[in-house]
Novice: 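I have a structure I would like to understand better, so I am pasting it below and will then ask my questions one at a time.
Keep in mind the model is a prediction, meaning the values are calculated, not measured.
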Amino acid sequence: MIAMPFQTADRSQATKLMPPVSFDTLLGVNRAAFESWMVMNRALASAAGRMVHEYGAFVARRLADDVDCQKQLVACRTPGDVVDLTGRSAQTAVRDYMDEATRLSVIAAEMVQAIARPVGVAAPVAADPEPEAPAPAA
């Protein structure tokens with residue numbers, strides 16, 4: 001048997017090592033930490049729910065678009081129609097995935113802001129920098 005620190009067969013001796021502290025005392029001393037933790041957990045759970053909902057809706061939209069593309073593909077009469085349709089479909093899919101990534105990134109940034117706020121960390125969402133003005137022609 002491996003000896004553990006403060007391990008004893010006599011339970012009354014073990015309790016002497018730590019003074020009794022009530023939950024109210026612990027809560028009072030650590031109230032700010034508990035409140036921050038609760039706010040952070042609420043923000044995390046809310047963002048996770050929003051992300052799951054958003055991504056589920058995205059998958060449903062993409063599946064519907066893919067089924068529609070398959071129907072249009074079956075209706076194609078020439079190889080040129082197939083090439084045109086697949087090109088447009090690929091462009092639409094890439095745009096859809098990029099838009100979805102942006103939406104999920106916004107939700108994640110809002111979550112980080114909500115989590116950082118209770119612990120006193122300023123976490124503004126960085127805006128795109130202003131484009132530099134072109135240098136005047138000499």
Novice: Who passes side-chain contact (heavy atoms from CB on, under 4.5 Å) against Asp81, sequence neighbours left out?
Specialist: Cys76, Arg77, Thr78
Novice: Can you run down the ring-ring contact (aromatic ring centres under 6.0 Å, His included) pairs that involve residues 76-98, sequence neighbours left out, and say none if there aren't any?
Specialist: Phe58-Tyr97
Novice: Side-chain donor-acceptor contacts of residues 82-90 below 3.5 Å, not counting sequence neighbours, with atom names and distances?
Specialist:
from, atom 1, to, atom 2, distance (Å)
Asp84, OD2, Arg88, NE, 3.3
Asp84, OD2, Arg88, NH2, 3.3
Thr86, OG1, Val82, O, 2.9
Thr86, OG1, Val83, O, 3.0

Novice: Taking only residues at least two apart or on different chains, which pairs with a member in residues 71-95 satisfy ring-ring contact (aromatic ring centres under 6.0 Å, His included)?
Specialist: none
Novice: Gln70 versus Val74: any side-chain heavy-atom pair under 4.5 Å?
Specialist: no
Novice: Would Arg61 and Glu100 pass as an ion pair if we require N to O under 4.0 Å?
Specialist: yes
Novice: Output yes when a side-chain donor or acceptor of Ser46 lies under 3.5 Å from a complementary backbone atom of Arg42, and no otherwise.
Specialist: no
Novice: Supply the members, apart from Met98, of the Ile/Leu/Val/Met/Phe/Trp/Tyr cluster built from side-chain contacts under 4.5 Å; use none for a lone residue.
Specialist: Val94
Novice: What ring-ring contact (aromatic ring centres under 6.0 Å, His included) pairs are there with at least one residue in residues 59-93, not counting sequence neighbours?
Specialist: none
Novice: Asp68: which residues meet the side-chain hydrogen bond (donor to acceptor under 3.5 Å, both in side chains) condition with it, sequence neighbours left out?
Specialist: Gln72
Novice: What are the two closest non-hydrogen atoms of Ala43 and Ile115, and how far apart are they?
Specialist: CB-CG1, 4.0 Å
Novice: Using the test side-chain hydrogen bond (donor to acceptor under 3.5 Å, both in side chains), find all partners of Asp96 that sit at least two apart in sequence or belong to another chain.
Specialist: Arg62
Novice: Taking the side chain as every heavy atom from C-beta outward, state whether Ile107 and Met111 have any atom pair closer than 4.5 Å.
Specialist: no
Novice: Could you give all pairs that pass the ring-ring contact (aromatic ring centres under 6.0 Å, His included) test and reach residues 69-89, with sequence neighbours left out?
Specialist: none
Novice: For residues 48-55, please give each side-chain donor-acceptor pair under 3.5 Å, one per line with the distance, not counting sequence neighbours.
Specialist:
from, atom 1, to, atom 2, distance (Å)
Arg50, NH1, Glu110, OE1, 3.0
Arg50, NH2, Glu110, OE1, 2.7
Glu54, OE2, Arg103, NE, 2.9

Novice: If two hydrophobic side chains count as joined below 4.5 Å and joins carry through other members, does Met40 share a cluster with Leu44?
Specialist: yes
